[in-house]
Amino acid sequence: MPELPEVEVVTQSLIKRIKNCKINSVKVYNRSLRYKVPFQFEKYLKNKIIKNIRRKSKYIIFEFNYNNYLILHLGMSGTLHIPQMKSGISNLSFYQSPQIPIKHNHVIFNFVKYKLIYNDPRRFGYFKILKNKQEFDMYFTRIGPEALDRKFNLNYLLNKINNRKKNIKNFLLDQKIVSGIGNIYVNEILFKSKILPSKSVRKLSILDLKKILKFSRSVLRYAIRQGGSSIKDFKGLSGNNGKFQTRFKVYNRDKKYCLSRNCNGVIKKIYISNRSTFLCNLCQN
DNA sequence: CCGTTAACCTGAGAGC
DNA sequence: TGCTCTCAGGTTAACG
């Protein structure tokens, strides 16, 4: 499901609801996620207080005391859900359906007032426990700076490009290079930058790179303000759907008219490394 | 080292 | 209605 904006919306929702709450118990119904849920998982989390929740690229980080962390990656279809409790506390649901989809509820965290449910039909998501600052830092060496970070700048890009011949789309999707951008937003960013997704990074001008930096930030920030994208049934804390999907310029707009002013082009769908790619041949080159 | 592909899963929707 | 096929917001091991 989620790229950086959706994970940010979920994280902000969680902060409002379960920051400073104690995990009374954890129940794992299916340990076969992307990586096996470890055996000590339930025991380890029992009675831990969530001191803070934050996001790093597409990861949600639950922070406990003494530099203990729980990392959650939502994969393609992972969602979190807080069902309505008798106390009258409102629903926190990332589904449009009022019913909780029980079948793929794999992990449930029990708090005093809430249950937090992890649901994931495809099971590409996963949890990871990190027991100290060193493990934490080590873990995140796998990803590059996130797209909203100042470290993602012109010098960094020039260094990373260094004569590679990868196309710009795969380059931006490579989380080791820059993290947080996924298949929706990479299409939108390249459209705004007026650059063809298939273009080799070594052929990009300095101006191109500046546009990529600028629009990476503006598109992601705007998507966050819009509450993320709801392609299927993503919802934030307030129960509102994300609205960014109504702002798509190219994603899922195959055969529709290009929305650029004074452009008579039609959005085309192609495949790059087996992933759908949307572009306007007239605007992007 | 670099770039690409297959694989991990289930469900929704299209086409017949 | 039901079958088969393709595709989906991600990551990464394996390969040439």
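Please read all numbers here as calculations on a predicted model, not as lab measurements. Hydrogens, waters and symmetry mates are skipped; everything else that's a heavy atom, side chains included, is used.
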Contact list for DNA chain C against residues 266-278 of chain A - heavy-atom distance below 4.0 Å: A:Lys269, A:Tyr271, A:Arg275, A:Ser276

What is the distance, rounded to the nearest whole Å, between atom [atom1] of [X] and atom [atom2] of [N]?
X	N	atom1	atom2	result
A:Gln175	B:dG3	CD	P	16 Å
A:Lys103	B:dT10	NZ	P	8 Å
A:Arg247	C:dG9	CZ	C1'	19 Å
A:Asp120	C:dT11	CG	P	13 Å
A:Lys128	C:dT12	NZ	P	12 Å
A:Ile168	B:dG3	CD1	P	12 Å
A:Ile161	B:dG3	CD1	C1'	16 Å
A:Asp174	C:dG10	CG	C1'	12 Å

Geometric cation-pi criterion, A:Arg142 with A:Tyr139: 6.0 Å, 45°: yes

Stacked cation flag A:Lys27 on A:Tyr29, 6.0 angstrom / 45 deg: yes

Closest-nucleotide ordering on DNA chain B, the 5'-leading residue of A:Lys166 and A:Phe124: A:Lys166

Dot-bracket notation for DNA chain B, counting Watson-Crick and G-U pairs under 3.5 Å, with | for partners on another strand: .|||||||.|||||||

Pairwise P distance for C:dC7 and B:dT5, with rounding to whole Å: 15 Å

Whole-angstrom distance between B:dA12 and C:dT11, as gauged at atom P: 23 Å

Centroid-centroid under 6.0 Å between A:Tyr59 and A:Phe140 rings: yes

Check: A:Tyr35 ring centre within less than 6.0 Å of A:Phe127 ring centre: no

Sugar-phosphate only, base, or nothing, as touched by A:Tyr35 at under 4.0 Å among non-hydrogen atoms: sugar-phosphate

Sugar-phosphate only, base, or nothing, as touched by A:Arg34 at under 4.0 Å among non-hydrogen atoms: base

Presence of salt bridge, A:Lys48 and A:Glu63, under 4.0 angstrom: no

Test: A:Glu3 and A:Lys58 ion pair at under 4.0 Å: no

